[in-house]
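One structure below.
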Amino acid sequence: MQVALYVCRIGAAWRMEISLDIQVDVVWWLEHVSGQRVSQWLVLSMQLPLSQASWLVDQFLSVRAMNQWRIEEWQRYFGTKLDFYNEASGETEARNEQEGVKRWGESEMGRGNGQKGIRTDNLTEKENEKRLEKRTEKRAGGKLEKKIKIEHETVAAQAVTIGGMPQAYPAEHWAQLEQCAALLAERMRGRQLLAAEVEALLAAEPAMPPGGWRAAAQLACLRGRLQITAALEGPATRHRLAWLGRARSAPRCHRCGSEARQRVPCAACGLAACAYCEACLALGRSRACALLLRSAAQGAVPARGEALRGTALVPTGSGLARWGLSAAQSAAAAAALAFLARPHAGGGPGRFLLWAVTGAGKTEMIFPLIQHTLDHGGRALVATPRRDVVLELAPRLAKAFPDTSLATLYGGSDERWKYAQLTLATTHQLMRFYQGFDLVIIDEIDAFPYHNDPMLAHAAASCCKPNGHFIYLSATPPARLQREAAQGKLAHARVPVRFHRYPLPVPRLIKMPTVAQCIRRKQLPAPIVRRIQESLQRNAQVFVFVTRIAQIEAFVDLMRRTFPEITVEGTSSQDTERAAKVIAFRERSIRLLVTTTILERGVTIPRSDVFILDADNGLFDEASLVQMAGRAGRSIDDPAGRVVFASSRRTRSQVKAVAQIRKMNTIARRKGYLHRSSQS
């Protein structure tokens, strides 16, 4: 899109501003609505691509010499900056290619064609700006100068000749604009949205003022309640001009943090090289010239200092008893609450790791943390990587907090624009929020798609208030967080025991041929057959994990021939009947289920045993092995369970997974969390 760009002098300082509706700014500054005295006011452009305007505002620095500048000096400054932007962003190169002209300063340089190139790759920023300024001076008196003068004279004349309120906004319309600006700022609170999303957000609201929602947005921005920016960042101007020449880097998306490498001609802004982000395309196209409307930053509530100190804010005994937590759960929840109550040290949101074994009851442990935040007027967010977990948690949160507004967000959710004190969302939905939450709880930080996805990590960081808090939940934290916790750099609490207070089942490692070999030979090795038969005889449900979807059908046939007396099925991420099969497995209509890591977490089956075949495969890392092993022994009626790692060789991942499980059992035993009957 295109916007207006102007500068104004307030006192001794100059400001550069973007405008979605210049008439709003005329009234604000020149009709004294702002309450500040404006001594000079100049429009630089009425129709400038937002990408350029946003970059110019970011780069603007007020200097005293500007007080004596005439239109010609402002024109020269404006032209120099635009030339720099066009070179750095690839716009000049793209236009030259469109016109069939090679980029100046490369192959034509020094060939005696009468055109001198200007090299910029090895020069400082100041030297480049001087050279670009000389080029601009040579073109002075052309279309750019005329354009700026006309725009300045038109708007200035309008402001001078129209008495009182400008004609576009008589008094009654301005009052309506003020109301709409307040409404828009309220609806945008804690969010960041593209223009199309803003329109969807306001679809159910009363009609906007004559200038439309953009006029309301402009007024809200002038009042400091919203921020206007381009969806992508502008060219870099430091580090030896990394954008220039062959060293040019891609701009980053403000919404998801990903690099935007695609550049195309854009009808919306008129540029020949308008970049766009492919990473978050599913949420709407984030372009260099696309408007990204953001809520103004809000402080955590209340100010986290003296107001949040004191033992009353760290519930103990009866304060935690209402949630029915075990001793281990209570200790971890109390540690997290003490962390939340601690005065914030600054430098970004605080971070706390809740390291709880599979089946420890992580959901119940976050209830006191959410309540603490809500009691102090804050907003809480629970984010999880998967939609099915969101749907499972929604009724539990609604039951735990019946008097709190709850929004459940996932792809296709009809509550997408609902404002709530408690929000439950998939991690992809976090890209629509900006510094909106005092407490952000990230569940399963080690799980796909959140793990190793910088885009989702960026979204999570952006949605938390600068002085808010993160709580990370995981049974298998990434190695980086484990190191930070061990080094004392990350506050944390461990829950080494399940709610039923029995030890975690320790996997047994046995040797067997690969699954592919078993399928080819049409035979299972005797040790595996014997152990699966023992599980069936003790009336257990049997998980059999394999690495590849392509192997499931053939392996299910092999299992059916080996165990004809039971019902055997297989499922994977590509199975449209997966949910129905999991239900049938839980109801014992299916006794043995062959599956992939799609069921490594989030599924609880009473009285179940786990067999992990090809456990030495690289697809099964330490975290996956621990999570799959965690499907066994979750029921209080069958806390022991059985876990088997079967492979042709022993790997580091298997050894570390077993060591992690043993270590948690040791900690639980040492702290007295285990039942006396299991203390041996």
Partners of Arg9 by salt bridge (Lys or Arg N to Asp or Glu O under 4.0 Å), sequence neighbours excluded? none

Tell me whether Arg255 contacts the main-chain N or O of Met431 through its side chain, where contact means a donor paired with an acceptor under 3.5 Å. no

Could I get the full list of side chain to side chain donor-acceptor pair (under 3.5 Å) partners for Thr408, not counting sequence neighbours? none

Sequence neighbours left out, what passes salt bridge (Lys or Arg N to Asp or Glu O under 4.0 Å) with Arg15? Give chain and number order. Glu17

Check: Asn86 side chain, Thr92 main-chain N or O, donor-acceptor pair, under 3.5 Å: no

Can you check whether Ala268's main-chain N or O pairs, donor with acceptor, with Arg287's side chain at less than 3.5 Å? no

For Tyr410, enumerate each residue passing the ring-ring contact (aromatic ring centres under 6.0 Å, His included) test, keeping only those at least two apart in sequence or located in another chain. none

Please identify each residue that fulfils side chain to side chain donor-acceptor pair (under 3.5 Å) with Trp417, with sequence neighbours left out. none

What pairs with Arg223 under side chain to side chain donor-acceptor pair (under 3.5 Å), at least two apart in sequence or on another chain? Glu178

Taking only residues two or more places apart in sequence or in another chain, which ones pass salt bridge (Lys or Arg N to Asp or Glu O under 4.0 Å) with Arg37? none

Sequence-distant partners of Phe352, ring-ring contact (aromatic ring centres under 6.0 Å, His included), two or more places apart: Phe339

Answer yes or no: is there a donor N or O on one side and an acceptor on the other, between the side chain of Arg379 and the main chain of Leu422, under 3.5 Å? no

Tell me which pairs pass salt bridge (charged side-chain N to carboxylate O under 4.0 Å, His left out) where either residue lies in residues 408-433, with sequence neighbours left out. Glu197-Arg432

For Trp14, give me all partners under ring-ring contact (aromatic ring centres under 6.0 Å, His included), at least two apart in sequence or on another chain. Trp74

Counterpart residues, side chain to side chain contact (heavy atoms under 4.5 Å, CB included), relative to Ala425 (two or more places apart): Leu381, Leu409, Thr423, Gln429, Leu430

Which residues pass the salt bridge (Lys or Arg N to Asp or Glu O under 4.0 Å) test with Arg187, sequence neighbours left out? Glu205

